[in-house]
> 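Below: one structure in structure tokens.
These figures come from a predicted structure and were not determined experimentally. Note that ligands are numbered from 1 as they come in the structure, with each ligand's atoms numbered from 1 the same way. We number each residue from 1, following the sequence as shown. No hydrogens, no waters, no symmetry mates; every other heavy atom, side chains included, goes into these values.
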Amino acid sequence: MTGNDALTSQERYVSLYRRYRPLRFDEVVGQDAAVSVLRHSLEGGKTVHAYLFSGPRGCGKTSLARILSKALNCTDARTGAEPCGACPSCVAITAGESLDVVEIDGASNRGIDEVRELKAHVSLAPFSSRRKIYIVDEVHMLTEPAFNALLKTLEEPPSHAVFILATTEPQKVPVTIRSRCQHIPFRRIPGKDIALRLSRVCEKEGIPSEEAALWELARQADGAMRDALSLLEQAIPVGSGSVTAESVRTLVGGGSRAEMESFVALFRSKPEEAIATLMESLQKGASMERLVESLFLIFRDLWILKTWGAKTLESLELSSEEKAFLLEESSLWKLEGLRFSLENLSRMMGRLRLGIRTDILAGLLLQGLRTGQPAGGLPLETSSSPKAMASTASGGETASVSEKATAIVPSGSLDQAAIRQFWIHLLESQDTADRQVAAALSGAVVREGEGEMIVDFAGKDRICFELIRLERNLKRFTTCKEESLGAVPVTFCCMGECLRSGEGTALPDPVPVGENSNPAPWERRKKRTHQIEKEDPSFPVAQEGEGSPEGERQTTALDEMIGWFGGEVLLVRQEDPEGTASGFEEGSASE
Ligand SMILES: [Zn+2]
């Protein structure tokens with residue numbers, strides 16, 4: 001190879017993975033149980049002739065097999081179970097030049113001929129060491145005749161031979177083979193161990209790195225240190241010599257944890273902007289699978305945190321920044337909302353495999369997340385109607401114009417959390433009187449004025465405005481409000497007409513109205529109520545078919561409505577078989 005410059009430079013370049021491969025037991029990351037078993041057997045002189053190392057790819061099986069090989073052949077006894085790394089045997093094995101350690105790839109040497117050859121080789125004495133060690137990788141790939149030949153060897157191994165069989169799928173290794181081996185299961189390396197290892201490697205290499213970036217790489221590697229180091233290697237040039245969240249994002253093509261965290265927070269507070277960023281990510285080529293997986297994990301973590309509290313954070317594999325995000329974000333979500341989001345995302349995962357167009361998937365994703373949206377802004381922030389708030393309180397939809405509302409709300413002048421609590425209490429109350437108030441407020445929009453709360457009714461909700469003005473409803477509302485909010489003034493408005501609570505301008509409960517007045521619609525209604533009560537025994541609704549089945553049905557429905565509205569029927573639609581009447585009749589009954 002001398003004189004070949006290209007090859008020489010190739011030889012000089014050693015990948016991070018190979019450079020940082022563990023050479024001693026105490027350098028192995030994330031496989032404490034396996035290491036401990038092997039150390040103990042070495043220390044106690046109880047090594048066996050065959051080991052089966054099983055575990056996910058890239059988790060260190062081959063590296064540990066080499067360390068075990070060195071330990072078995074090390075000529076320096078002073079270091080105990082740990083190979084010395086300096087004796088000729090250790091040096092040769094580390095360099096991959098030992099004639100007594102044979103590595104075989106089971107995937108490419110899977111036939112009976114190869115195994116027969118191996119068998120012949122095994123019978124020969126070691127070249128320069130105590131033991132001859134065969135490391136067979138991907139052993140589950142061997143053919144059945146090859147397994148049978150291997151089994152013969154394992155049944156009567158020469159005393160100098162040691163087999164280390166490695167596999168990602170131990171269940172595919174015949175039980176006859178497995179039963180001849182000491183089975184050592186390896187685990188997927190925990191993300192925190194990988195992240196820590198990556199940060200050590202960066203330190204040693206003098207490469208600046210961001211914690212979140214290393215965590216993202218660790219997550220991408222999914223328990224495989226080999227993959228993590230190779231990703232790190234790729235991320236360094238992308239970040240021009242440093243490992244940043246941005247370079248990792250570029251490398252993995254969008255959908256990183258950090259990116260999706262911002263998406264979740266943005267979607268909660270400013271959905272319009274969140275949608276734009278999602279579309280941009282997809283445009284840039286982020287895969288929908290990755291976006292959905294990242295989102296699912298974030299919602300899973302939020303849900304776990306919300307359900308079982310902060311102590312669960314320790315069992316989640318997250319950087320300190322990510323933990324801080326979860327703590328803050330989870331306080332802004334309702335448990336139900338998180339559950340809905342998780343359900344919708346898991347449904348999305350099934351759809352991802354159906355080959356649906358990305359833009360359609362994006363639509364489904366947004367729709368699914370919207371269903372699970374949190375009790376987003378406060379009522380003031382969102383200008384949301386109490387009805388919308390009621391549904392968010394139980395995990396339903398929420399109004400989403402927080403941006404606009406944030407502009408309206410002078411920050412800190414009112415205690416918004418208390419105001420929200422007050423609304424939720426009112427809307428969820430089982431008390432009949434509260435329910436009447438809640439029903440009256442169901443169409444209103446709440447916003448903040450100059451140090452006061454304004455409850456706005458649209459023109460079509462005039463009737464609700466009237467309802468809340470009724471003395472007892474207003475009184476009830478005021479009592480509730482004072483219990484939760486104290487003296488915060490409240491003004492009810494409808495089409496320019498305003499009523500300030502507690503200023504004695506409430507409408508009295510229905511009273512007769514003079515004959516000559518020009519009454520407002522509700523006054524006309526009150527007048528009629530009064531007349532019906534006093535003079536007309538045949539109440540307009542019940543008069544049709546009194547005693548007839550229709551009449552009974554109508555009365556039952558009416559009773560129910562009266563139950564709900566506390567004795568007032570404000571609008572009753574009457575059937576009009578001839579089609580002559582307007583179809584509406586205002587009527588009222590009192591308690
Ligand atoms: Zn040694």
> Tell me if a side-chain donor or acceptor on His160 pairs with a main-chain N or O of Val122 at a distance below 3.5 Å.
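Yes; judged by distance alone, with no hydrogens or angles, the pair exists.
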
> Before giving the answer on ring pair (Phe, Tyr, Trp, His ring centres under 6.0 Å), spell out for His121 and Tyr134 the whole-Å C-alpha distance, their side-chain angles and the decisive distance to 0.1 Å.
CA-CA 10 Å; His121 193 279; Tyr134 297 88; 5.6 Å; yes

> As a test of understanding, state which of Val243, Leu196, Leu16, Ile207 forms a side chain to side chain contact (heavy atoms under 4.5 Å, CB included) with Val201.
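Considering Val243, Leu196, Leu16, Ile207, a side chain to side chain contact (heavy atoms under 4.5 Å, CB included) with Val201 is found only for Leu16.
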
> Is it true that Arg257 and Glu321 make a salt bridge, defined as a side-chain N closer than 4.0 Å to a carboxylate O?
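No, no charged N to carboxylate O under 4.0 Å.
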
> Once ring-ring contact (aromatic ring centres under 6.0 Å, His included) is applied, do any residues pair with Phe147, and if so which ones, sequence neighbours excluded?
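Partners of Phe147 by the ring-ring contact (aromatic ring centres under 6.0 Å, His included) criterion come out as none, since no residue qualifies.
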
> Quick check against the 3.5 Å criterion: does Glu138 have a side-chain atom that pairs as donor or acceptor with the backbone of Asp105?
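Judged by distance alone, no pair lies under 3.5 Å.
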
> Under 2.8 Å from the Zn ion (ligand 1), how many protein N/O/S atoms do you get? Just the number, please.
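Number of qualifying protein atoms: 4.
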
